[in-house]
4 protein chains.
Amino acid sequence: MRFDETKPIYLQIIDLIFDLILQKRWEEDSRIPSIRELAFELEVNPNTVAKAYNECLDLGVIYNKRGIGYFLSKDSYDKILNIKKEEFIKNEVPNLAKKMRMLNLSIDDLISYINQANIE
Amino acid sequence: MRFDETKPIYLQIIDLIFDLILQKRWEEDSRIPSIRELAFELEVNPNTVAKAYNECLDLGVIYNKRGIGYFLSKDSYDKILNIKKEEFIKNEVPNLAKKMRMLNLSIDDLISYINQANIE
Amino acid sequence: MRFDETKPIYLQIIDLIFDLILQKRWEEDSRIPSIRELAFELEVNPNTVAKAYNECLDLGVIYNKRGIGYFLSKDSYDKILNIKKEEFIKNEVPNLAKKMRMLNLSIDDLISYINQANIE
Amino acid sequence: MRFDETKPIYLQIIDLIFDLILQKRWEEDSRIPSIRELAFELEVNPNTVAKAYNECLDLGVIYNKRGIGYFLSKDSYDKILNIKKEEFIKNEVPNLAKKMRMLNLSIDDLISYINQANIE
DNA sequence: GTGGTCTAGACCACC
DNA sequence: GTGGTCTAGACCACA
């Protein structure tokens with residue numbers, strides 16, 4: 001996998017994990033790839049995957065059993081949706097609003113831009 | 001001033017400068033604070049402000065007269081407006097659209113969030 | 001059964017065995033669950049229970065008859081009581097005293113906490 | 001510095017940091033040793049210190065400024081005292097109470113043990 | 001096999 | 001100088 005140079009790999013792995021969960025490609029409450037497996041697949045050092053898994057642990061999105069592996073939490077999907085939604089409303093929307101004011105754009109302008117982006 | 005830990009301070013200072021220009025709080029073709037003044041005000045290392053000013057120089061948004069100080073270019077407002085608008089439509093809007101799909105949000109949801117943000 | 005993540009499971013199983021003996025819920029000189037039975041009940045790998053039983057064997061707290069099973073030693077209760085009491089006075093009490101000094105807690109504080117814990 | 005073999009070094013470093021704060025040997029809101037300095041002093045790999053500092057960051061006990069260093073939070077002393085006290089009451093006291101019941105020890109027994117430990 | 005910890009050393013952006 | 005990230009590889013306890 002190719003990673004964006006401007007963002008830490010472990011953060012991109014977290015994004016990847018979140019996406020896989022949101023797309024329901026990883027099943028809740030069942031085992032996910034081991035650190036070594038995922039590291040091999042992503043062509044990345046195991047420590048880097050471990051760091052990503054560790055952050056997900058802190059967020060309660062996954063849990064682990066010693067000597068066995070990592071598992072998705074039962075409510076991982078909801079948890080991530082909440083995390084993302086909250087972050088969206090708290091941070092991105094205000095930034096967006098501020099930017100629109102600065103660029104002198106109306107909500108109608110925004111809507112048309114979004115529709116255009118969705119078509120392309 | 002408090003800075004976001006996830007983004008280089010000098011980039012945040014550039015954002016700040018752009019904002020001040022767009023809000024017409026700095027006048028075109030007239031002197032802006034010296035590196036030291038701004039560094040003192042922002043509680044930041046002068047090197048950091050210098051780096052931000054340098055980037056603005058490269059963009060042609062400001063110019064300097066040796067021994068006198070830094071000045072806003074005559075067309076700084078238009079320049080920035082163009083830079084920002086283009087970047088907004090090319091990058092931010094598509095990201096926004098993608099995120100809305102992922103979070104299963106409609107345009108109406110977005111509008112209500114924006115209105116809410118504008119009230120607060 | 002839920003185990004504490006910070007301590008090896010086999011040690012926690014030993015603690016559990018000791019508790020069962022001290023609470024006289026396992027009878028001296030009579031058969032205790034087989035490795036497989038206990039492993040099934042605790043939802044744990046049989047190897048893990050085997051490791052715990054082995055330690056108990058070494059301590060002389062249990063013995064086994066080949067092909068028949070594991071049994072509590074006749075003096076298991078006394079043995080464990082002595083082991084635990086000694087360890088309590090030698091290690092835990094000094095640690096407790098040190099911690100109380102650090103947290104600036106008096107003996108009266110401690111007593112009230114204990115009473116509260118006993119009520120709940 | 002010598003570390004206990006049975007416990008991860010980074011956790012022991014956290015304990016050390018907490019002790020230094022509780023003993024007021026590190027001043028609040030002022031700089032603490034850099035990762036490299038502390039690593040050198042403790043004869044440990046910088047990564048290990050970084051891991052300890054990182055956990056303290058999460059707990060809000062310290063904060064950092066990029067390119068400058070780590071600093072104690074203003075309320076680090078209170079924070080740690082609360083963390084430790086809470087952990088003491090929630091975990092250690094109930095364990096103590098349970099153990100006393102199991103070993104058939106009264107509160108008076110405990111008090112005499114503690115006094116004895118404080119004399120020695 | 002698994003995860004957890006640790007080392008040695010590298011490169012980078014930032015101040 | 002600082003912290004942040006990442007690699008390569010080691011050893012250990014645990015299941």
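Only this structure's heavy atoms are used, side chains among them; waters, hydrogens and symmetry mates stay out. Sequence lines set the chain letters: A, B, ... in the order given, protein chains first and strands last, and positions in each chain run from 1. Every value quoted in this text rests on a predicted model; they were computed, and no experiment measured them.
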Undergrad: Between the main-chain N or O of G60(C) and the side-chain N or O of K79(C), is there a donor-acceptor pair closer than 3.5 Å?
TA: yes
Undergrad: Y53(A) near the nucleic acid: base, sugar-phosphate alone, or nothing, with a heavy-atom cut-off under 4.0 Å?
TA: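 Touches nothing.
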Undergrad: Name the first nucleotide and the last nucleotide along DNA chain E (5' to 3') that come under 4.0 Å of a heavy atom in chain B.
TA: dC14(E) to dC15(E)
Undergrad: Do S73(A) and D75(A) pair up side chain to side chain, a donor and an acceptor below 3.5 Å, judged on atom types alone?
TA: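 No donor-acceptor contact under 3.5 Å links the two side chains.
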Undergrad: Going through the distances and angles, do N82(B) and Y77(B) end up as a side-chain contact (heavy atoms from CB on, under 4.5 Å)?
TA: CA-CA 9 Å; N82(B) 281 337; Y77(B) 181 88; over 6 Å; no
Undergrad: Are any side-chain N or O atoms of K84(C) and backbone N or O atoms of L103(D), one a donor and one an acceptor, separated by less than 3.5 Å?
TA: no
Undergrad: Determine: side-chain N/O of Y10(C) to OP1/OP2 of dA15(F), distance under 4.0 Å, yes or no.
TA: no
Undergrad: Going by number, which of residues 55-68 of chain D have a non-hydrogen atom under 4.0 Å from DNA chain F?
TA: N64(D), G67(D), I68(D)
Undergrad: With sugar-phosphate meaning primed atoms plus P, OP1 and OP2, does E37(D) contact a base, only sugar-phosphate, or nothing at under 4.0 Å between heavy atoms?
TA: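 Here E37(D) touches the backbone only, sparing every base.
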Undergrad: Okay, side chain of R31(C), backbone of I68(C): is any donor-acceptor separation there less than 3.5 Å?
TA: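 Between the backbone of I68(C) and the side chain of R31(C) there is a qualifying donor-acceptor contact (under 3.5 Å).
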Undergrad: Can you sort out which residues in residues 43-52 of chain D have a heavy atom within less than 4.0 Å of DNA chain F? Ascending by number, please.
TA: N47(D)
Undergrad: Side-chain donor-acceptor contacts of residues 46-58 of chain C below 3.5 Å, not counting sequence neighbours, with atom names and distances?
TA:
residue	atom	partner	partner atom	Å
T48(C)	OG1	N45(C)	O	3.3
Y53(C)	OH	P33(C)	O	2.8

Undergrad: Rounded to the nearest 0.5 Å, how far does CG of D15(D) lie from CD1 of I9(D)?
TA: 13.0 Å
Undergrad: Does L42(B) form a side-chain contact (heavy atoms from CB on, under 4.5 Å) with L16(B)? I'd like the steps, not just the answer.
TA: CA-CA 11 Å; L42(B) 299 178; L16(B) 174 67; 4.0 Å; yes
Undergrad: Between D4(A) (side chain) and T6(A) (backbone), is there a donor-acceptor pair under 3.5 Å?
TA: yes
Undergrad: Is a donor on one side and an acceptor on the other found under 3.5 Å between the side chain of Q12(B) and the backbone of K7(B)?
TA: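 Yes; at least one donor-acceptor contact below 3.5 Å.
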Undergrad: Nearest heavy atom decides the nucleotide; on that basis, is K7(C) or N54(D) closer to the 5' end of DNA chain F?
TA: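 This one resolves to N54(D).
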Undergrad: What base-paired stems does DNA chain F take part in, with at least 3 consecutive Watson-Crick or G-U wobble pairs and both distances under 3.5 Å?
TA: E:1-14 with F:1-14
Undergrad: Is E87(D) salt-bridged to K99(C), cutoff N-O under 4.0 Å?
TA: yes
Undergrad: If you assign P8(B) and G69(A) each to the DNA chain E nucleotide with the nearest heavy atom, which residue ends up on the more 5' nucleotide?
TA: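 With P8(B) and G69(A) compared, the 5'-side residue is G69(A).
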Undergrad: Just list the side-chain donor-acceptor pairs under 3.5 Å for residues 18-27 of chain A, sequence neighbours left out, or say none.
TA:
residue	atom	partner	partner atom	Å
Q23(A)	OE1	R25(A)	NH1	3.2

Undergrad: Does K65(B) count as lying over the ring of F71(B), i.e. NZ or CZ under 6.0 Å from the six-ring centre, within 45 degrees of the axis?
TA: yes
